[in-house]
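Everything below concerns the one structure shown next.
On a predicted model such as this, the values are computed, not experimentally measured, just so you know.
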Amino acid sequence: MKSYIEVNDEDYKYILAKGGRIERILLTFSKDDIADVVFKPIMNDLKQAKGVLINFIIPNEHLNIGDLEKFMLKINEIVPIDTVIIFGVYYDDLKVGTFKCDMIISGLPENCK
């Protein structure tokens with residue numbers, strides 16, 4: 001996979017250093033999906049997150065960061081104001097208009113699942 005905006009080991013260390021329970025989620029969505037629907041299964045985790053690291057995987061043939069903007073805006077609306085958000089964007093052989101999101105959420109309460 002080629003990178004457009006690369007996440008490195010230090011980024012992972014920084015997010016994981018937020019402590020607490022860690023969740024890793026892989027989402028697949030199209031540019032027409034509504035962010036509320038995509039994030040519904042992880043809404044509670046996002047509301048409690050201290051750190052979020054997101055790797056977006058986008059089609060090789062079509063780069064439109066604007067398509068990802070609505071998802072980043074929605075994440076910003078959901079997470080607490082002091083949550084650290086780091087993201088990367090990578091190319092892969094996906095169908096045009098389809099995106100993947102590999103997300104790590106850290107700093108979650110240990111007693112909740």
Side-chain angles (χ1 to χ4, degrees):
M1 251 185 319
K2 295 186 321 185
S3 67
Y4 180 71
I5 301 171
E6 190 168 334
V7 172
N8 62 34
D9 290 344
E10 293 303 313
D11 295 324
Y12 281 96
K13 288 178 187 176
Y14 191 74
I15 291 299
L16 296 175
K18 296 296 177 184
R21 185 171 51 85
I22 297 166
E23 290 290 331
R24 183 173 183 206
I25 298 99
L26 182 61
L27 303 168
T28 302
F29 53 93
S30 79
K31 70 178 188 172
D32 299 323
D33 287 338
I34 300 168
D36 291 335
V37 173
V38 172
F39 293 125
K40 187 175 182 176
I42 57 172
M43 191 72 71
N44 287 335
D45 285 344
L46 288 172
K47 287 179 180 179
Q48 301 177 73
K50 292 193 175 20
V52 178
L53 187 143
I54 307 163
N55 283 309
F56 287 106
I57 301 115
I58 62 175
N60 284 325
E61 303 87 16
H62 180 71
L63 171 62
N64 188 348
I65 298 298
D67 291 335
L68 304 177
E69 182 180 17
K70 67 181 176 181
F71 293 93
M72 289 304 297
L73 290 171
K74 186 63 182 175
I75 288 172
N76 278 317
E77 289 176 14
I78 299 168
V79 300
I81 196 156
D82 59 344
T83 300
V84 174
I85 301 172
I86 298 173
F87 76 97
V89 179
Y90 297 84
Y91 300 113
D92 203 359
D93 294 325
L94 297 175
K95 179 181 168 188
V96 172
T98 301
F99 303 91
K100 289 185 181 180
C101 175
D102 186 2
M103 185 181 310
I104 295 175
I105 303 171
S106 66
L108 299 170
E110 294 287 347
N111 57 352
C112 298
K113 175 79 177 147

TODO: Verify ring pair (Phe, Tyr, Trp, His ring centres under 6.0 Å) between Phe56 and Phe71, making sure each step is shown before the conclusion.
DONE: CA-CA 10 Å; Phe56 287 106; Phe71 293 93; 7.2 Å; no
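- A single hydrophobic cluster is not seen to contain both Leu73 and Ile58; linkage of ILVMFWY side chains at heavy-atom distances under 4.5 Å, directly or through other members, places them apart.
- The OG1 atom of Thr28 sits 8.0 Å away from atom CD1 of Ile57, with the distance rounded to the nearest 0.5 Å.
- By the neighbour-count criterion of 12 heavy atoms within 6.0 Å, atom OH of Tyr14 is sparsely surrounded, having that number or fewer from other residues, nucleotides or ligands.
- Closest approach of Leu108 to Asp45, counting heavy atoms only: CD2-O, 3.2 Å.
- To the nearest 0.5 Å, atoms CD1 (Ile75) and CZ (Phe39) are separated by 3.5 Å.
- In this structure Ile22 satisfies the side chain to side chain contact (heavy atoms under 4.5 Å, CB included) test together with Leu16, Ile104, Ser106, sequence neighbours excluded.
- Both Val52 and Met43 are assigned to one and the same hydrophobic cluster, defined by single-linkage of ILVMFWY side chains at heavy-atom distances under 4.5 Å.
- Taking the side-chain hydrogen bond (donor to acceptor under 3.5 Å, both in side chains) definition, one finds that Asp11 meets it with nothing, sequence neighbours left out.
- For the atom pair Met103 CE and Asn55 CG, the distance stands at 10.0 Å (nearest 0.5 Å).
- Contact detail for Asn8 and Glu10: the closest heavy-atom pair is OD1-N, 3.0 Å.
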Open item on the list: As a quick check of understanding, evaluate side-chain contact (heavy atoms from CB on, under 4.5 Å) for Lys18 and Thr83, giving each step before the final call.
Closed with: CA-CA 10 Å; Lys18 296 296 177 184; Thr83 300; over 6 Å; no
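- Shown here for Pro80 and Leu46, the closest heavy-atom pair between the two residues is CD-O, 3.5 Å.
- For the pair Tyr90 (side chain) and Val7 (backbone), a donor-acceptor distance under 3.5 Å is present.
- Glu110 and Arg21 make their closest contact through OE2-N, 3.3 Å (heavy atoms, listed as atom of the first residue, atom of the second, distance).
- Taking both residues in full, the closest heavy atoms of Pro59 and Lys95 are given as CG-O, 3.4 Å, listed atom of the first, atom of the second, then distance.
- Pairs engaging residues 97-108 under the salt bridge (Lys or Arg N to Asp or Glu O under 4.0 Å) rule: Arg24-Asp102 [sequence neighbours left out].
- With hydrogens and angles disregarded, no donor-acceptor distance shorter than 3.5 Å links the side chain of Asp92 to the backbone of Leu94.
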